[in-house]
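Single-structure report; data block below.
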Amino acid sequence: MNRFPAIFNIASNKKAFVAENFVKYRNELQWNIRCSRPPNCESEWAQWSGLMKVLYEVKFRDDEDVWTWKSDENNNFSVAEIRDQIIRQSAEIEDEWRYWNRWVPPKVNLFSWRIAMGRIPVKTELIKRGVQLQNQVCCRCDAYDESVGHLVLSCTMSKSIWWNILAWVKLPVSTQFGSSKELLKQVDSWKGSKVWKKVINLILQTTIWHIWKARNEHEFKGIRVSGSKVVEEIKADSFIWLKSRSKFENINWVRWMDFNVRDIIH
Ligand SMILES: [Zn+2]
């Protein structure tokens, strides 16, 4: 279903057991995937041969089925092994994701991480995964395909939001970002203290979050949220999150609106 969606699409029995997908022919097992029709275009044939290549690497044995645990060398299962695996994996994630920011709610952190990995359900990604959509055009500009990069950075709607936000925090508006990951990494190269960078990161994450929220309002409810409204929401949410989640609980709204905070945040 995931790797060969075009074949899954034409398979007659989508819930068939493995055993129902092969036949025994003179002591040999042969794959026999029943389809409602043969593959009839280049992409279907390509997936078909890809599928067959994978399947022919599968070897059958007469042994009894057994459970094995992949991450252990001897395939043995133990609670200690799971614990070690979890520790190993979270170390990998932390390494990959240095931008976890305690001043931002976890759901927003997680979302930024997924954005940087390109793992959010924009239309081009859904289509790649075999979801049937009428089109993959960005609903906000009606001009380009909706990819992660387009949605976050290059859509005219998003661009105007970024210009406003960068100007607000007094950063060069002309800054160009190749990808969302680059955008989040950019903070490291800007001049400023660790704390200031953390505040800027909070604002970048809040911006990405609100661009996605505005996109969903439009896509699912048909509500067109203006760029200036989104900018207001970004300023308000980042203020509330900073005030309630960091040590800067005394931060003042009027000064925040001007981003005149360098003397507090340094
Ligand atoms: Zn667009």
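Whatever order the structure lists ligands and atoms in, that order sets their numbers, starting from 1.
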(message) Between Lys229 and Glu232, does any NZ, NE, NH1 or NH2 come within less than 4.0 Å of an OD or OE carboxylate oxygen?
(response) no

Side-chain atoms of residues 130-139: list all donor-acceptor pairs with protein atoms under 3.5 Å, sequence neighbours left out, distances to 0.1 Å.
| unit_1 | atom_1 | unit_2 | atom_2 | d |
| --- | --- | --- | --- | --- |
| Asn135 | OD1 | Val137 | N | 2.9 |
| Gln136 | NE2 | Asp145 | OD2 | 3.2 |

(request) For the pair Arg114 (side chain) and Leu110 (backbone), establish whether a donor and an acceptor sit closer than 3.5 Å, ignoring hydrogens and angles. (result) no

(request) Could you check whether the rings of Tyr144 and His150 sit parallel, tilted or perpendicular, using 30° and 60° as the cut-offs? (result) tilted

(request) For the pair Phe111 and Trp209, name the ring-plane relationship: parallel under 30°, tilted 30 to 60°, perpendicular over 60°. (result) perpendicular

(message) Using a cut-off of 2.8 Å, how many protein N, O or S atoms sit around the Zn ion (ligand 1)?
(response) 4

(request) Apply salt bridge (charged side-chain N to carboxylate O under 4.0 Å, His left out) to Glu125 and Arg129, showing your working. (result) CA-CA 6 Å; Glu125 291 301 315; Arg129 284 167 177 73; 2.9 Å; yes

